[in-house]
Amino acid sequence: MHSDWAAAAERAIVTRHLRRVWGLPGTLLARSGWPATLDQRLHRHWNYWWQAHFLDCLTDAQLRDPTPAREAAIDRFVSSMRLRNRGSWRNDYYDDLAWLGLALQRTGRDVSFFLGELRSGWTTEGGGGIWWRRGDRFKNAPSNGPAAILFARAGDVARARELLDWMEKTLVDPDSGLVWDGLRVDSADLVQEIYTYCQGVFLGACLEMSEVDRAARTIRAVAANCAPGGVLRGQGGGDGGLFAGILARYLALAVHRMPPGPETDAARDLVLASAEAAWTGAADAYGGPLFSPEWSEPAPTPPLPQRHPSRDLSVQLGAWMLLEAAATL
């Protein structure tokens, strides 16, 4: 059942969003919205990390149901990303670099460039950690979490542990166990916003480092604070459309990586209940289901209102990511 849902999400999102870049043969890239604006049709609207997650979802689908056609599409997508990014992988945001590094690593590609860029973003200021972006003075979970996962998977366990420990001592609320957003280094102010994204990347880093107790604490905190009615809460459109999907990915991974117990049961329940809600709340649209940014609420029936977050690729990717996670359980 969940595999069928994931396959339907893939078909819908590929049908609505995946197009050539500038009409060039042999290229493929995801438009940032549907129905697409002129800027989106021309791929002027460029979301580097959304595209990284599209690649991750294609890889999930290939693991679920391998096909030569999808493998070829993945190759075209990777080369098209580099083309659209002016012939390089460079980006000013360290979290974006970490996400594309993770996605490319899963396809078996070399990620030494990304590891080098992330190493260059680390300083001792603020107690350690990687900056959010070049020229900024903010260090946060969104940059350090995926970087820790990438370093661990690449075999640089010492650097991965350094990043995880920095998040633990700097960003984890000792009362709730939730992970705060980040630290403004110059003023030492903590940005104590709670995003599902931050919980997900911290959990993923814990799993890569076999920090079972920290992972279990995070799952308990998520269940208690981030999932009203047992469904992971959404965080709107734009970048927020990906947040809950990222958390779902690592909750599902926790079920496979951690010893069975109350926390793995809770992680499984959160993913499956969220998948059920997202699927049943989807609207019929061109190509297949159209998902809501809030999985506990129904998606709008097309034609979509102007600026509705369900137009955003990020929102649709978050749901696809969730359903691929559920399919592994």
Side-chain angles (χ1 to χ4, degrees), residues 49 52-53 55-57 59-60 63 94-119 121-122 128-130 139-172 177-180 182 195-222 242-261 263-264 266-268 270-271 321-322 324-325 328-329:
W49 83 293
H53 283 288
L55 177 59
D56 236 351
C57 286
T59 304
D60 289 338
L63 292 172
Y94 290 105
D95 52 342
D96 290 19
L97 289 163
W99 284 121
L100 184 55
L102 283 168
L104 289 171
Q105 187 185 53
R106 293 183 70 210
T107 71
R109 288 170 168 80
D110 177 65
V111 295
S112 57
F113 168 81
F114 299 91
L115 295 170
E117 289 291 286
L118 292 168
R119 288 188 182 100
W122 184 92
I130 292 171
K139 294 184 174 183
N140 61 1
S143 58
N144 285 273
I149 298 168
L150 181 61
F151 278 118
R153 292 180 180 176
D156 191 344
V157 176
R159 180 55 57 93
R161 178 161 297 284
E162 183 178 67
L163 298 178
L164 177 60
D165 288 347
W166 178 82
M167 287 189 291
E168 172 73 25
K169 72 182 180 183
T170 309
L171 300 181
V172 175
L178 292 169
V179 183
W180 294 320
Y195 298 117
T196 47
Y197 180 0
C198 298
Q199 318 315 309
V201 296
F202 183 83
L203 174 60
C206 290
L207 295 172
E208 295 301 326
M209 300 304 297
S210 300
E211 288 282 354
V212 174
D213 290 344
R214 292 181 184 179
R217 180 194 64 204
T218 305
I219 294 169
R220 291 193 300 270
V222 165
L242 282 164
F243 289 6
I246 290 167
L247 176 53
R249 176 184 293 281
Y250 293 108
L251 286 169
L253 188 60
V255 176
H256 297 291
R257 294 277 187 91
M258 292 172 61
E263 287 81 17
T264 52
R268 181 190 301 272
L270 286 167
V271 173
M321 202 182 311
L322 164 69
E324 292 288 0
T328 70
L329 300 178

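Values reported hereafter were calculated over all heavy atoms of this structure, with side chains retained and with hydrogens, waters and symmetry mates removed.
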K.L.:
Only counting residues at least two apart or in another chain, list the ones meeting ring pair (Phe, Tyr, Trp, His ring centres under 6.0 Å) with Y250.
P.N.:
none
K.L.:
My understanding is that only residues two or more places apart in sequence, or in another chain, count here; which of them pass salt bridge (Lys or Arg N to Asp or Glu O under 4.0 Å) with D165?
P.N.:
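Partners of D165 under the salt bridge (Lys or Arg N to Asp or Glu O under 4.0 Å) test: R214.
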K.L.:
For V179, does its backbone N or O pair with a side-chain atom of Q199 as donor and acceptor, under 3.5 Å?
P.N.:
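Yes; at least one donor-acceptor contact below 3.5 Å.
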K.L.:
Is the shortest heavy-atom distance from the side chain of R161 to the side chain of W166 under 4.5 Å?
P.N.:
no
K.L.:
Quick one: does R119's side chain get under 4.5 Å of I130's, heavy atoms only?
P.N.:
no
K.L.:
What pairs of residues pass the side chain to side chain donor-acceptor pair (under 3.5 Å) test when at least one of them lies in residues 96-105, not counting sequence neighbours?
P.N.:
W99-Y197
K.L.:
Does any non-hydrogen side-chain atom of L178 lie less than 4.5 Å from one of V172?
P.N.:
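They are not in side-chain contact.
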K.L.:
Going by heavy atoms in the side chains, are L164 and F202 under 4.5 Å from each other?
P.N.:
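Touching, per the 4.5 Å side-chain cut-off.
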K.L.:
Go through D95 and W49 one step at a time and tell me if the side chain to side chain contact (heavy atoms under 4.5 Å, CB included) criterion holds.
P.N.:
CA-CA 8 Å; D95 52 342; W49 83 293; 5.8 Å; no
K.L.:
Sequence neighbours excluded, which residues qualify as salt bridge (Lys or Arg N to Asp or Glu O under 4.0 Å) partners of E208?
P.N.:
R153, R257
K.L.:
Any side-chain heavy-atom pair from L247 and V222 closer than 4.5 angstrom?
P.N.:
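L247 vs V222: side chains touch.
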K.L.:
Distance-only, no hydrogens or angles: does the H256 side chain make a donor-acceptor pair with backbone N or O of T328 under 3.5 Å?
P.N.:
yes
K.L.:
Out of curiosity, L55 CG to L100 CG, how far, rounded to the nearest 0.5 Å?
P.N.:
7.0 Å
K.L.:
Test of understanding: with side chain to side chain donor-acceptor pair (under 3.5 Å), list the residues that count as partners of E162, not counting sequence neighbours.
P.N.:
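E162 satisfies side chain to side chain donor-acceptor pair (under 3.5 Å) with W122, R159 only.
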K.L.:
Evaluate side-chain hydrogen bond (donor to acceptor under 3.5 Å, both in side chains) for T59 paired with D56, printing each intermediate quantity in order.
P.N.:
CA-CA 5 Å; T59 304; D56 236 351; 5.0 Å; no
K.L.:
Who passes side chain to side chain donor-acceptor pair (under 3.5 Å) against E263, sequence neighbours left out?
P.N.:
R220
K.L.:
Measuring from atom CG of L270 to atom CG of L251, what distance do you get when rounded to the nearest 0.5 angstrom?
P.N.:
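Spacing of CG (L270) from CG (L251) equals 6.0 Å.
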K.L.:
Which residues pass the side-chain contact (heavy atoms from CB on, under 4.5 Å) test with A148, sequence neighbours left out?
P.N.:
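A148: side-chain contact (heavy atoms from CB on, under 4.5 Å) contacts with L163, A205.
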K.L.:
For the pair T107 (side chain) and L104 (backbone), establish whether a donor and an acceptor sit closer than 3.5 Å, ignoring hydrogens and angles.
P.N.:
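Here the side-chain-to-backbone pair exists.
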K.L.:
I'd like to check the side-chain contact (heavy atoms from CB on, under 4.5 Å) partners of A215; sequence neighbours left out, ordered by chain and number.
P.N.:
L203, C206, L207, M258
K.L.:
Would F113 and L97 satisfy side chain to side chain contact (heavy atoms under 4.5 Å, CB included), going step by step from the backbone distance to the final call?
P.N.:
CA-CA 9 Å; F113 168 81; L97 289 163; 4.2 Å; yes
K.L.:
Side chains of V212 and P259: does their closest heavy-atom pair fall under 4.5 Å?
P.N.:
yes
K.L.:
Report the residues that fulfil side chain to side chain donor-acceptor pair (under 3.5 Å) with Y195, sequence neighbours left out, ordered by chain and then residue number.
P.N.:
none
K.L.:
Run T196 and I246 through side chain to side chain contact (heavy atoms under 4.5 Å, CB included) and show every step you take.
P.N.:
CA-CA 8 Å; T196 47; I246 290 167; over 6 Å; no
K.L.:
Would you find a donor on one side and an acceptor on the other, under 3.5 Å apart, between the side chain of K139 and the backbone of G182?
P.N.:
no
K.L.:
Once side-chain contact (heavy atoms from CB on, under 4.5 Å) is applied, do any residues pair with A160, and if so which ones, sequence neighbours excluded?
P.N.:
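Here the qualifying residues are F151, A152, M209.
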K.L.:
According to salt bridge (Lys or Arg N to Asp or Glu O under 4.0 Å), who are the partners of R268, at least two apart in sequence or on a separate chain?
P.N.:
none
K.L.:
Got a second to check how far I219's CD1 is from T264's OG1, nearest 0.5 Å?
P.N.:
7.5 Å
K.L.:
Looking at residues at least two apart in the chain, or sitting in another chain, which of them share a side chain to side chain donor-acceptor pair (under 3.5 Å) with D213?
P.N.:
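Checked D213 against side chain to side chain donor-acceptor pair (under 3.5 Å); zero matches.
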